[in-house]
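Because only heavy atoms are used, hydrogens play no part in the values below, and waters and symmetry mates are left out as well, while side chains stay in. Proteins come first, then strands; the chains are lettered A, B, ... in the order of their sequence lines, and each starts at number 1.
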Amino acid sequence: MHIPDGVLPTAVCLGGYATAGAATWFSLRKISQKENPREGIPKASLLTAAFLVASWIHIPVPPASVHLVLNGLLGVVLGYYAFPAILIGLFFQAVMFQHGGLTTLGVNATVMGVPALLAYYLFRLRNIFGKDNRVGTGLFAFLAGAGGIGLAAVTVFVLLVTTIPAHMDVEAERASIYALTLAHIPVMIIEGVFTAVLALFLQRVKPELLEGDS
Amino acid sequence: MIIILFTLGLPAAVFGHGVEIDYQTTKAIEITATYDTGDPVSEGQVIIYAPDNPSTPWATGKCDEKGRFTFTPDPSKPGTWDVQVRKAGHGGMIHIPVGGDEVAAGGTGYTTPQIALMTASVIWGFIGTALFFSRRKG
């Protein structure tokens, strides 16, 4: 999921920084319009730590091994704070753990952060069923959690498949990209269920923590 | 007709003479590529860049099932050789000095205790940030 340095062409890396810059601007603008923008920072900070740790949780899906991303979950719980949180989390992963890369930071932030924002919008649709409807909350939290990582996996797939350099064994690389993308289907289900369980728990004990209420 | 015969004859040039074989020992470099889970990058594609041309691959190849690949750098090109291993868009690059400041072995990863310490310090940073912004005013 985290694309490292030296894999994508320069133009794609620059494009990634442009989209990540636009998404950061949009998110910060929405945050600054809140009554108390500082209020959401503790929650965002703790979930950034969770995002960082999630990438160490590996799930073996033979023949591949994939890890949790939790971008959909961040979207559901953090709302507009999700994009900056993911950007900061990715920066630490790239600088300290060589997971991802600095040249691809913009691309990775776009690939994981924009689906997180879309997951937030999707989760807000639960209000159709009424705020206190547990079925609506569970269903849309599942869809947001699974959709967040699903959309990210599809975007990474498109980026990688369309930029395989000619000096590589293109067929072999394409086959391994297909395998890696398909391996994310079980992760979608896991993250969807995890997001639904967390959303239902928060709705019961501290409903104001769910950004979808606004 | 003569030209055609001559052309056909070229690829199968065989000489009716004795054969001499010389040998010399050279220094080869073995790389081992593993994911951060410890699993090998089996059959990962290897792209080697010589120091004099960092944009065009000097050679390409493929790791074995255990993520290993061996190559012999051209000794007439001293400097830093860049070797990239990638599979399914994931991978990394290692910079290997050849000639001059050579080192016997090197790597790009961290040990588990290093990773644990770094993770703990980063997480403490996030918790500290959360505590700072959630403190009561006044």
Side chain / backbone / both / neither for A/Q98 at chain B, heavy atoms under 4.5 Å: side chain
Honestly, the part of A/L160 sitting under 4.5 Å from a heavy atom of chain B is side chain
Chain A-proximal positions within residues 62-83 of chain B [heavy-atom distance under 4.5 Å]: B/K62
Aromatic ring pairing B/Y49/A/H167, orientation class (parallel under 30°, perpendicular over 60°, tilted between): perpendicular
Heavy-atom cut-off 4.5 Å, strictly under: side chain, backbone, both or neither for A/V161 against chain B? neither
Contact origin within B/I127 toward chain A - heavy atom pairs under 4.5 Å: both
What residue in A/A172, A/P60, A/G101, A/P4 has the most heavy-atom pairs under 4.5 Å with chain B? A/P4
Taking atom CD of B/E43 as the centre, does the number of heavy atoms from other residues, nucleotides or ligands within less than 6.0 Å exceed 12? yes
With chain B as the partner, which of A/I3, A/T181, A/T48, A/L47 has the greatest number of non-hydrogen pairs under 4.5 Å? A/T48
Side chain proximity check, A/V187 to A/V69, heavy atoms < 4.5 angstrom: no
Nearest-0.5 Å distance that lies between atom CZ in A/R126 and atom CG in A/L210: 5.5 Å
Residue part contacting chain A, namely of B/T60, when any heavy atom lies under 4.5 Å: side chain
Proximal component of A/H58, with respect to chain B [non-hydrogen, under 4.5 Å]: side chain
Verify the neighbour count for atom CZ of A/F201: are there more than 12 heavy atoms of other residues, nucleotides or ligands below 6.0 Å? no
Ring centre gap for A/F92 and B/F126 strictly below 6.0 Å: yes
Determine, step by step, whether B/N53 and B/S55 satisfy the side chain to side chain donor-acceptor pair (under 3.5 Å) criterion, reporting the C-alpha distance in whole Å, the side-chain angles of both residues, the deciding distance to 0.1 Å, and the verdict. CA-CA 6 Å; B/N53 191 349; B/S55 55; 3.1 Å; yes
Checking heavy atoms, do the side chain of A/H67, its backbone, both or neither come under 4.5 Å from chain B? neither
I want to check a possible cation-pi pair here: A/R174 against A/Y178, using under 6.0 Å from ring centre and within 45° of the ring axis as the test. no
B/Y35, OH: over 12 other non-hydrogen atoms inside 6.0 angstrom: yes
Option that, when pairs with chain A are counted at under 4.5 Å, heavy atom only, ranks first among B/H90, B/M93, B/Q84: B/H90
Quick check for you: to the nearest 0.5 Å, what is the distance between B/Y110 atom OH and B/I115 atom CD1? 9.0 Å
Distance (rounded to the nearest 0.5 Å) between A/L105 CG and A/T110 OG1: 9.0 Å
